[in-house]
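Everything below concerns the one structure shown next.
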Amino acid sequence: MEEDCVIQVENLTKIYHMGTVEVKALAGVSFNITRGEVIAIMGPSGSGKSTLMNILGCLDRPTSGKYILDGQAVERLTGDQLAIIRNRKVGFVFQSFNLLPRASALANVELPLRYGNVKNIRDKARASLEAVGLSERMNHRPSELSGGQQQRVAIARALVNEPSIIMADEPTGNLDTRSGKEIMELLLNLNQQYKTTLIIITHDPTIGAHAERIIRLRDGLLVTEET
Amino acid sequence: MNIGQSIFEALESLSANKLRSGLTILGIVIGVGAVIAMLGVGQGAQDTITNSISGIGTNLLFVFPGNFTQNVRNGKPLTISDANALLDQFSAPSILTSAPVIQGNTEVAYGKTSLRLSVTGATPEYIAMSSYSLLEGEFITESHNLGQAAVAILGPEAADRLFGRRDGVTGENIRINGQPFRVLGVLAPKGGSAFGSQDRIILVPFSTAQNRVLKRQKDRADYILIQAVDAESVSFASDEASQVIRERHRSPIGEDDFTILSQQDFVQTAQLITGVLTVFLGGIAGISLLVGGIGIMNIMLVSVTERTREIGLRKALGARKRDIMIQFLTESALLSLIGGLIGIALGWLIAFIVGQIAAANGTPLNPGIGLNAILLATAFSTAVGLFFGIYPANRAAGLEPVEALRYE
C-alpha cells in the first residue's frame with residue numbers, strides 16, 4: 001500500500017503572522033492520497049483549502065509536519081529545489097487560466113518543458129494539445145480562444161511534463177455551465193487515460209460529486225474524509 | 001532554457017511595448033552616441049594637430065627668448081648672431097642648420113582688398129627647413145635677403161583671400177604696410193598648425209621684414225629654428241644649443257634666459273591638451289549614458305511590477321530564481337545593446353558631420369573612430385544594461401510564487 005501513495009501528509013500546520021497575531025491556516029492535517037485517485041478538497045473560504053493547495057503544489061512550505069510527494073520529502077526543500085519538483089511532478093490548472101497572453105497555445109504548453117530542459121519539446125507539446133482536443137488551434141493566441149479552449153490549453157500545459165499530480169484550483173470557476181461541464185469531463189477522462197492523480201480544490205458541490213473522495217476542511221482542520 | 005530562446009522571448013516581450021522600449025533605447029542611443037562622437041572628434045583633433053606639427057618640418061627645435069618655467073631677471077633677447085653661432089660644427093655637431101625668424105601681423109592689401117595677415121621674415125634656410133613647396137613662382141634667395149628686396153611669397157589661403165585664386169598671381173603687386181611688394185610665388189597648402197594656419201601667411205626676406213615691415217631692433221630675432229642632423233640627435237642638438245646660447249648670454253646655470261622646445265614637446269603638449277579635453281567631454285557624455293541606464297532600471301522595475309502574475313506563473317511551472325533573473329537581465333541587456341549599436345551609428349554620423357563642418361571652415365579634421373572605441377561603447381552600454389538590470393531582475397527572481405500568483 002505504501003508505495004501506491006502519491007501523497008502522504010502528516011500533522012501539517014501552517015501559521016501566518018499578521019502583525020502580532022498568529023493565524024493558524026492549517027492546524028494539523030493528516031491524510032494520504034493514492035496514485036490515480038480523484039480527490040476534491042472542499043470547504044468554505046478561510047477554511048485553509050488554498051493554503052493546503054499551495055503546500056501540496058509545492059508553491060509554499062508548511063510551518064511544521066511531514067509531506068511526502070511521490071516518495072520524496074519536500075517540506076524542507078529550498079525554493080529552487082521546489083521549483084524543480086513543481087516542474088517535474090505537479091501540473092497546475094488555475095481558475096483564471098494564467099496563460100501568457102502574447103504566446104501561442106503551443107508556446108504556452110511548451111513553457112514547462114523549457115524550464116525542465118527536455119528534448120523534443122515541440123512534439124510533446126503537440127501531443128499534449130491533441131490530447132485535450134485542440135490540435136486545430138495550436139497557433140492561436142489566448143485572446144483568440146474561448147474560455148473553455150483557454151482552460152484546455154492550461155490543462156495541456158499541466159499534462160505536458162507527465163506529472164504525478166494535477167492540482168486544479170476551481171478549474172470551472174470562470175466558465176459557463178456547459179464549458180465547465182466539458183472541462184470536468186476532460187479532466188476525468190485524462191485521469192482515466194493517464195492515471196494521473198487529480199486534486200480539485202472547489203466549493204461547488206456538483207464538482208465535488210465527480211470525485212472519488214472528498215477532503216473537507218474547516219478552520220484549518222480536517223472535518224471528514226468522504227468516499 | 002537556452003540562450004537563443006531567452007533572447008527570442010525577450011525580444012517578443014520588448015516588442016509588446018514598442019513605444020516604451022523605444023524611448024528607453026533612445027536614452028542609451030543618446031548616451032552612447034554622445035560618447036562616440038566626443039571620442040571621435042577628440043581623436044580627429046589630436047590627429048590633425050599632431051600631423052600639422054609634424055608638417056612644420058622634420059627634427060626641428062625652436063629656441064624662444066625668456067624662460068617658460070621660472071622668472072629670470074635681465075634676460076637677453078635672441079639675436080641673429082646667436083643663430084649663426086649655432087652653425088659652428090665644433091661646438092654644435094648635432095645641428096644641421098639654424099635660422100633666425102621674425103614674425104608679426106600686419107596689413108596686406110591688393111587693390112581694394114585689405115586684411116591682416118601673419119608675415120614671417122624668413123631666410124632661405126628657414127624655408128628649406130620648413131619643408132614648404134611651391135605651387136608656382138620661386139623661393140626667396142640669399143640675394144633677396146641681402147638686398148632687402150620687396151618680394152613676398154603668399155600662402156595658398158592668403159592668395160585666395162587677396163586674389164580669389166591661387167594661380168597666375170606671380171608678378172602681381174601687393175602692398176604690405178603700405179609699401180609695394182612683388183609676388184614671387186605661391187606656397188602649396190600645408191594645413192593648420194599649433195601656431196595658426198600655415199596657409200594663411202606671407203613670407204618676405206628676413207632683412208626686409210626686419211627693416212621695412214615688422215621693424216625689429218638691429219640683430220634681433222623673435223625665435224630661432226634649428227634642424228638636427230637626424231632624429232636620434234635631436235636631444236643632443238638641444239643640449240648643444242643650450243650650451244652655446246648660455247655661453248653667449250653669460251647666464252648662470254639653471255637661470256637660462258631662453259627656452260628650447262622640440263617638435264616632440266609640441267606634439268606631447270598638444271596630445272595632453274586634446275587628451276584631457278576628450279576625456280572631459282567624454283565624461284560629460286558618459287553622464288547621459290548613466291541617465292540612460294537609470295531609464296532602463298526604471299522601466300524594468302515597472303515591467304517587473306506589471307508582470308508579477310506572469311512571474312508567479314513561470315515559477316509555478318518550474319522556473320528557478322536563475323531562470324527569472326536571466327529572463328529580465330536579457331531584456332535589459334538587449335535594450336542597452338540595441339541602444340548601443342544605434343548610438344555608435346549616430347555618434348559616427350555626428351562626428352562625420354562635425355568633420356565636414358570643420359573641413360568647410362578650412363580646418364581639416366578627420367574624426368577617428370577606432371575599433372576600440374566601438375568595442376568599448378558596445379561593452380560599456382551592455383554593462384550599463386546588466387548593471388541597472390540586476391536590481392529589477394533580482395526583485396523579480398525573489399518573488400514568492402504564492403504571493404506573485406495572487407497579485408492583482
Side-chain angles (χ1 to χ4, degrees), chain A residues 14 16 25 50-62 77-104 107-119 121-122 141-142 154 157-161 163 167 169, chain B residues 1-21 299 302-331 334-335 393-408:
Chain A
K14 180 74 186 180
Y16 291 110
S50 291
T51 308
L52 182 60
M53 185 205 83
N54 288 338
I55 292 171
L56 290 182
C58 297
L59 290 166
D60 207 352
R61 274 170 292 231
L77 294 182
T78 65
D80 276 359
Q81 287 168 324
L82 283 179
I84 295 166
I85 298 277
R86 286 196 294 273
N87 186 254
R88 297 203 184 131
K89 300 196 169 176
V90 187
F92 287 97
V93 178
F94 300 97
Q95 178 175 4
S96 50
F97 321 139
N98 275 343
L99 299 174
L100 296 184
R102 290 182 306 275
S104 68
N108 266 294
V109 177
E110 282 172 5
L111 201 56
L113 297 172
R114 294 200 185 287
Y115 288 123
N117 280 325
V118 184
K119 282 174 192 158
I121 287 179
R122 183 122 307 177
R141 291 184 176 196
R157 183 180 63 191
L159 275 177
V160 74
N161 261 356
M167 305 282 311
D169 180 13
Chain B
M1 197 168 285
N2 63 33
I3 295 170
Q5 186 67 25
S6 305
I7 291 174
F8 178 75
E9 270 196 19
L11 282 175
E12 214 172 41
S13 99
L14 291 179
S15 66
N17 261 313
K18 285 196 183 65
L19 181 63
R20 188 202 277 183
S21 304
I299 224 63
V302 171
S303 172
V304 168
T305 308
E306 273 182 358
R307 286 150 75 189
T308 302
R309 261 181 93 89
E310 179 193 321
I311 295 162
L313 170 76
R314 285 175 183 272
K315 289 201 150 193
L317 297 182
R320 286 158 297 172
K321 271 189 169 198
R322 204 179 52 181
D323 295 318
I324 303 291
M325 274 291 273
I326 289 172
Q327 182 190 346
F328 281 91
L329 279 182
T330 311
E331 281 183 27
L334 269 180
L335 279 177
N394 207 20
R395 192 183 246 207
L399 288 172
E400 286 296 327
V402 177
E403 277 154 35
L405 270 173
R406 212 186 289 142
Y407 185 86
E408 293 299 330

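Keep in mind that the numbers below use all heavy atoms, side chains included, and drop hydrogens, waters and symmetry copies. Keep in mind that this is a model prediction, so the values were computed, not measured. Throughout, a chain's letter reflects where its sequence line sits, starting with A, and its residues are numbered from 1.
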Dump the intermediate steps for side-chain contact (heavy atoms from CB on, under 4.5 Å) on R309(B) and S96(A), then the final yes or no. CA-CA 11 Å; R309(B) 261 181 93 89; S96(A) 50; 2.9 Å; yes

When you look at OH of Y16(A), are more than 12 heavy atoms from neighbouring residues, nucleotides or ligands closer to it than 6.0 Å? yes

For R320(B) and I84(A), indicate whether the former's side chain and the latter's backbone hold a donor-acceptor pair under 3.5 Å. no

Interchain contact, R157(A) with chain B, by part (heavy-atom threshold 4.5 Å): side chain

Quick one: CG on L59(A) to CD on E403(B), what's the gap to the nearest 0.5 Å? 11.5 Å

Check S13(B) against R102(A) and note the closest heavy-atom contact, atom names and distance. CB-NH2, 3.5 Å

Going through the distances and angles, do V402(B) and M53(A) end up as a side-chain contact (heavy atoms from CB on, under 4.5 Å)? CA-CA 10 Å; V402(B) 177; M53(A) 185 205 83; over 6 Å; no

How about Y115(A) and R314(B): does a side-chain donor come under 3.5 Å of a side-chain acceptor? yes

Could you go step by step and tell me if L99(A) and L313(B) meet the side-chain contact (heavy atoms from CB on, under 4.5 Å) rule? CA-CA 8 Å; L99(A) 299 174; L313(B) 170 76; over 6 Å; no

One should read off an interatomic distance between L405(B) CG and F94(A) CZ, to the nearest 0.5 angstrom, of 4.5 Å

Between A83(A) and A319(B), the two heavy atoms sitting closest are CB-O, 3.6 Å

Is it the case that the side chain of N98(A) and the backbone of E310(B) share a donor-acceptor pair, with hydrogens and angles ignored and the cut-off at 3.5 Å? no

R20(B) atom CZ, over 12 foreign heavy atoms within 6.0 Å: yes

